[in-house]
Number of protein chains: 2
Amino acid sequence: MAQKNILQYLILGLLNQSPKTGYDLKRVFEDDIGEFWQAQHSQIYPELKRLEQADRITHVELIAGTKLKKKQYSITADGIAFFDEWRYSSTSEIIASKDEFILKLYFIDSKKDAHLDAMFTEQKTLHQAKLDHLLDRRQTLFSQQAAVDAHYGHYLILEHAINREQDYLNWLTTARP
Amino acid sequence: MAQKNILQYLILGLLNQSPKTGYDLKRVFEDDIGEFWQAQHSQIYPELKRLEQADRITHVELIAGTKLKKKQYSITADGIAFFDEWRYSSTSEIIASKDEFILKLYFIDSKKDAHLDAMFTEQKTLHQAKLDHLLDRRQTLFSQQAAVDAHYGHYLILEHAINREQDYLNWLTTARP
DNA sequence: GTCTGCATGTAAGACGTTACATGATTCT
DNA sequence: AGAATCATGTAACGTCTTACATGCAGAC
């Protein structure tokens with residue numbers, strides 16, 4: 001993860017869909033791809049600057065209302081080429097994940113540990129809430145088949161996020177009914 | 001993830017099980033908990049120094065063979081108290097995961113994209129290999145019920161890792177049979 | 001005697017989060 | 001009028017990876 005700068009490819013990919021401001025990008029990270037990648041605005045703005053210096057994106061300044069300036073970024077031909085190189089390259093490594101709850105569990109030796117029930121109950125609540133939110137999003141975004149066809153990748157990854165949470169809940173429930 | 005220094009708790013937890021050298025810790029990270037947390041030796045050694053300065057661990061020097069020195073670390077009473085505080089505290093946030101393949105998928109709009117088959121095939125191979133490895137480990141570590149009873153947490157998280165991979169493979173196969 | 005594994009450390013740089021900072025616009 | 005949201009940026013700090021560096025021990 002370190003050293004690969006995946007963020008730049010994500011920004012390029014999002015700008016390849018349509019021109020966007022830094023703030024727009026921030027929201028896409030929060031809403032759409034936050035399940036699989038995260039970025040704060042403090043990371044996005046400097047990266048936009050860097051990409052522009054490398055001639056992979058450009059911007060125009062827009063005025064909203066009477067004074068508010070925003071910078072709308074677009075991808076350049078160079079940027080598209082650079083993005084395509086990444087998107088069609090092989091992905092031969094799985095980025096390892098982290099899970100604090102699971103690690104706490106690792107240190108519990110006995111099935112009879114007095115803390116187990118509370119720990120599992122908390123996680124069930126947490127993951128159920130996450131699952132509910134994802135199901136909500138599927139309802140909002142993909143209740144029409146046309147939307148699935150037009151944004152197939154987005155649909156697939158939302159399905160995957162839903163699966164993942166369901167699987168997590170299943171495991172929690174099986175291990176501690 | 002940043003700012004919480006979970007690594008220190010993991011080291012304390014592992015030393016709480018039994019005294020270990022930095023190298024021992026490195027191997028546990030590789031073998032046992034690598035599915036849910038990663039740490040290189042370049043992170044472990046400085047952290048051991050820091051924990052010792054804070055009086056949460058101490059070490060004795062052992063000689064292996066005729067010259068090879070190793071430092072065997074043990075947890076102190078302070079260290080145990082600090083560890084217990086963490087292990088029994090609530091875990092109210094899910095650390096978001098990252099997945100490069102999933103993101104590449106996000107940028108694919110059509111079900112008919114010519115790259116989809118190759119992309120899915122690659123991931124199926126990758127995740128199948130990972131699953132095989134995990135099943136192997138379960139066989140090695142937990143084919144005896146006594147082992148399950150003695151290291152219940154370890155058993156649970158290995159089960160979870162296996163579930164997760166099976167679910168990932170299922171999703172891959174369902175989405176692209 | 002060479003190769004693999006054991007063993008410990010540091011340095012540089014990339015990546016990521018939190019906090020600091022400022023101002024405009026829209027909704028209630 | 002105040003709150004929430006839009007909008008852009010920087011600073012400080014913590015975390016993590018890769019690379020550099022060194023030497024002993026055991027197996028073949």
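Chain identifiers are assigned alphabetically (A, B, ...) following the order of the sequence lines, protein sequences preceding nucleic acid strands; residue numbering begins at 1 within each chain.
- Remark: C1' of dC6(D) and NZ of Lys70(A) are 8 Å apart, rounded to the nearest angstrom.
- The closest side-chain donor-acceptor pair between Asp24(B) and Thr21(B) falls under 3.5 angstrom.
- Shown for residues 10-30 of chain B: no residue has heavy atoms falling under 4.0 angstrom of DNA chain D.
- In this model, no donor atom of one side chain and acceptor atom of the other lie less than 3.5 Å apart for Gln166(A) and Asn170(A).
- Remark: aromatic rings of His151(A) and Tyr106(B) are distant, center separation not under 6.0 Å.
- Between dG9(C), dT8(D), dT18(C), one nucleotide has an atom nearer to the side chain of Tyr73(B) than all others, and that is dG9(C).
- Leu134(B) and Ile94(A) fall into different hydrophobic clusters, where Ile, Leu, Val, Met, Phe, Trp and Tyr side chains are chained together by heavy-atom contacts under 4.5 Å.
- When the side chains of ILVMFWY residues are joined at heavy-atom separations under 4.5 Å, either directly or via intervening members, Leu126(B) and Leu116(B) end up in two distinct hydrophobic clusters.
- Between the CD1 atom of Ile95(B) and the P atom of dT17(C) there is a distance of 11 Å, given to the nearest Å.
- Lys20(B) places a side-chain N or O within 3.5 Å of a backbone atom of Leu14(B) that can act as its donor or acceptor partner.
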Atom pairs, N/O to N/O, protein against nucleotides 1-3 of chain D, distance under 3.5 Å?
none

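- In this structure, the CD atom of Gln43(A) is 14 Å from the P atom of dT10(D), given to the nearest Å.
- The backbone N or O of Leu48(B) sits nowhere less than 3.5 Å from a side-chain atom of Gln53(B) that would complete a donor-acceptor pair.
- Of the N and O atoms on the side chains of Asn163(B) and Glu159(B), not one donor lies less than 3.5 Å from an acceptor on the other residue.
- Both tests do not hold together for Arg87(A) against Phe107(B): distance to the six-membered ring centre under 6.0 Å, angle to the ring axis within 45°.
- At whole-Å resolution of the value, CZ in Arg50(B) and P in dG9(C) are 16 Å apart.
- In this structure, the CG atom of Asn5(A) is 13 Å from the C1' atom of dG13(C), given to the nearest Å.
- The CG atom of Leu48(B) sits 11 Å away from the P atom of dT10(C) (whole-angstrom rounding).
- Using modelled atom types, one side-chain atom of Gln123(A) and one backbone atom of Thr91(B) make a donor-acceptor pair closer than 3.5 Å.
- Side-chain N/O atoms of Lys71(B) include one lying less than 4.0 angstrom from OP1 or OP2 on dG9(C).
- Closest approach to the Ser42(A) side chain among dA11(D), dT18(D), dT8(D) is made by dA11(D) (side chain taken as heavy atoms from C-beta onward).
- Between Tyr45(A) and dT8(D) there is a side-chain N or O to OP1 or OP2 distance below 4.0 Å.
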Readout for nucleotides 20-28 of chain D: B = base within 4.0 Å of protein heavy atom, S = sugar-phosphate only, - = neither; 5' to 3' it is ---BSS---

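- Looking at residues two or more places apart in sequence or on another chain, you find no ring pair (Phe, Tyr, Trp, His ring centres under 6.0 Å) involving Phe29(B).
- Looking at Arg137(B), its side chain does come within 3.5 Å of a backbone N or O of Asp31(B) through a donor-acceptor pair.
- In this structure, the CD atom of Glu47(A) is 13 Å from the P atom of dT10(D), given to the nearest Å.
- Phe101(A) is linked by a ring pair (Phe, Tyr, Trp, His ring centres under 6.0 Å) to Phe120(A), counting only residues two or more places apart in sequence or in another chain.
- Salt-bridge check for Glu47(A) with Arg50(A): passed, with a basic side-chain N closer than 4.0 Å to an acidic carboxylate O.
- In this structure, the helix from dG1(C)-dC28(D) to dT28(C)-dA1(D) shows an angle of 40° between the axis at its start and the axis at its end, each fitted on 5 base pairs and rounded to 10°.
- Look at NZ on Lys69(B): it is 11 Å from P on dG9(C), rounded to the nearest Å.
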